[in-house]
Amino acid sequence: MRSISTRLAVWYAAAATLTLACLFVVGYQLLQTYLIDGLDLLNSAEFEQIKAHLGNDYMTQSTRIIDERVRETTEFSSVLFYIELDSPQRGTVFSSRNLQALAIPDIPGQHRYNAELPRIGELRVAEFVLPFLDITIATPLSPVRKVMEGYVEVCAWLLAAMLGASVLIGFGLSRLALRPMRLMRETANRIRSDNLSERIPVMQVQDEVSDLARLLNQMFDRLESAFKQVRNFTAEASHELKTPLSLVRLQAEKLLVGGNLSASNEEAVQMQLEELARVNQIIDEMLFLSRAEARAITLQCKANDPERFLKSFALDARVLAEHGGQEFLTLHEGVGCVSFDDKRIRQVLLNLLANALAVSPPGGMVTLRSQLGAKEWRVSVEDQGPGLPCDQHERIFDRFVRVNPRDTDGRGSGLGLAICRSIIMLHQGHIFAESGKEGHGLSVVFTIPVTLAAATAELGGLRQVGR
Ligand SMILES: Nc1ncnc2c1ncn2[C@@H]1O[C@H](COP(=O)(O)OP(=O)(O)OP(=O)(O)O)[C@@H](O)[C@H]1O
Ligand SMILES: [Mg+2]
């Protein structure tokens, strides 16, 4: 049971049902004692009646007279009572007909007890002592047993009903009690590095849960300010580095233009310029990432036809692929428009293509599949390279992560996919990597939601774009 509300409901139901079961057991004992006491009272009343009919002179009367006197009073109640009169001198002086010549068992030292007679069943027996006469009166116990059986049956039904009702009530109560916790979980789940300003709603009441919410909010405040500081530092450092770098580049270009350099020095300055361009690009990318995280980038979104967009992208992509002796194929499915910033999405596709071409073998094929549905536009770029272990699929979208730098040209900075993720998230979409369709290679997939304004999509057949 992984959910607390299920556990609470089960505990509540078990506790409530167990308590009721205990009460029923106590009730069983009390009711049974009460009913048996009733039988004892009946036996006593019958004894009083017999005693009255026997008269005071019974000691001097013959057995026949005693029998007549007792039978007179007991015959009409022969269904209810079993009666036996014994005299220490004369033996049994009376035995009611319903006893069928059987003797009521005697338990020495006890005056009220239960006994069992063959053909008659269970009896409640009471013994009374008169001078020279022991009177034993018994009543059937079967009515008591029947009442108790009925009681057990009713209790069993009530327990089952109680179990069902308490499970439902327990679920309801635990859901109600855990509602603030669920709200906290949902909000905390939404709070990420790109969404640090959201806070957990705090209840008006002053209890443990609202205290916890307040504490978590304070923690998010501290996290937000730390994140802001890091972002500001990255943005400011990148910005500050740009001016000296531009100056160094200008100086190097001046040296080249001067033409006074030896061949080896000229080559060294050329290399410096290349490296400077690379550092400049990394700084631009870092600036872009920190501005994207601070939501300071505005997209130029407009309704685009993905098929036309991909046709134009495929022209450049094919040239890039052919340059490395590889092939590029674009497949598109669906008709309609999606709202996106074409320059940014082109940037994403170029980075995915560059990654795919970098790992694909010569003659390998990179396939771009595009599918426009009613709710989202899904694009995947799949290569025939070595692929990546599943545990790296998530990691490669982090900054400066390069899994096998030697597999690529070794010059990447590891920021490309982080930028792709930022751009796709700015479009409210998702990006992820999965293994290639045939078990080898890597497929990087992104989806962008189709907004109502741009949605005129209807599914068509799969067709090749361009060529
Ligand atoms: N298609 C792919 N197949 C296998 N590994 C890949 C693939 N795409 C990306 N990777 C791995 O993910 C890492 C990160 O990719 P990313 O595009 O972020 O950086 P990069 O290509 O190394 O540098 P750059 O910043 O120039 O793009 C790569 O270094 C590579 O190890
Ligand atoms: Mg890359």
Side-chain angles (χ1 to χ4, degrees), residues 193-194 234 238 241 245 274-293 297 313 316-321 323-331 343-370 378-427 429-447:
S193 60
D194 56 333
T234 317
S238 314
L241 280 172
L245 267 177
E274 269 174 37
E275 287 306 311
L276 280 173
R278 205 164 105 78
V279 174
N280 225 11
Q281 195 197 336
I282 294 178
I283 289 175
D284 283 342
E285 287 175 349
M286 279 167 62
L287 258 175
F288 175 86
L289 279 172
S290 48
R291 289 180 60 217
E293 278 178 6
I297 289 195
F313 173 75
D316 297 339
R318 214 162 281 128
V319 174
L320 281 172
H323 179 72
Q326 290 143 327
E327 284 182 63
F328 178 74
L329 177 70
T330 315
L331 300 168
K343 282 204 188 73
R344 296 287 179 204
I345 296 299
R346 197 181 155 79
Q347 189 184 344
V348 171
L349 286 177
L350 275 174
N351 185 50
L352 299 186
L353 178 72
N355 286 351
L357 290 176
V359 293
S360 289
M365 166 90 76
V366 174
T367 314
L368 187 155
R369 283 194 182 80
S370 152
R378 182 189 160 100
V379 180
S380 69
V381 176
E382 190 177 331
D383 58 61
Q384 293 180 334
L388 283 174
C390 290
D391 58 336
Q392 301 291 340
H393 287 181
E394 182 88 31
R395 227 187 118 233
I396 53 173
F397 293 95
D398 292 341
R399 293 170 193 200
F400 296 112
V401 168
R402 298 174 66 214
V403 184
N404 297 313
R406 268 170 295 139
D407 289 354
T408 58
D409 58 4
R411 295 189 62 79
S413 59
L415 286 173
L417 286 177
I419 290 178
C420 291
R421 184 171 61 179
S422 289
I423 294 175
I424 296 299
M425 281 170 74
L426 285 172
H427 281 86
H430 294 287
I431 186 164
F432 55 91
E434 56 187 25
S435 298
K437 283 215 161 49
E438 277 128 39
H440 53 80
L442 191 78
S443 172
V444 182
V445 185
F446 70 79
T447 58

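Side chains included, hydrogens not; waters and symmetry mates left out as well; all remaining heavy atoms used. In this chain, residues are counted from 1 in sequence order. Whatever order the structure lists ligands and atoms in, that order sets their numbers, starting from 1. Note that the coordinates shown come from a computational prediction; the quantities given were computed from them, not determined experimentally.
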If the cut-off is 4.0 Å to any non-hydrogen atom of Asp383, which atoms of ligand 1 fall inside it? 1 (N), 2 (C), 3 (N)

Filtering Asn355, Val381, Val359 for the heavy atom nearest atom 8 (N) of ligand 1 leaves Asn355

Which heavy-atom pair separates Val381 from Leu349 by the least distance, and what is that distance? CG2-CD2, 4.3 Å

Expected output: side-chain Glu382 to main-chain Gly436 donor-acceptor under 3.5 Å: no

Please confirm whether Ser413 comes under 4.0 Å of ligand 1, counting heavy atoms of the residue only. yes

Residues, nucleotides or ligands: over 12 heavy atoms within 6.0 Å of His393 NE2: yes

N/O to N/O below 3.5 Å, does that happen between Ala418 and ligand 1? no

What I'd like to find out is whether the side chain of Phe328 reaches to under 4.5 Å of the side chain of Leu320, using heavy atoms alone. no

Contact check, side chains of Leu417 and Asn355, non-hydrogen atoms, under 4.5 Å: yes

Side chains of Val445 and Glu434: does their closest heavy-atom pair fall under 4.5 Å? yes

Counting from 1 in the order shown, the ligand 1 atoms closer than 4.0 Å to a non-hydrogen atom of Val403 are 29 (O), 31 (O)

Which option out of Leu415, Asn351, Val444 puts a heavy atom nearest to atom 27 (O) of ligand 1? Asn351

At under 4.0 Å between heavy atoms, what of Leu388 touches ligand 1? The answer is side chain

Taking 4.0 Å as the limit for heavy-atom contacts, which would you say applies to Leu417 with ligand 1: side chain only, backbone only, both, or neither? both

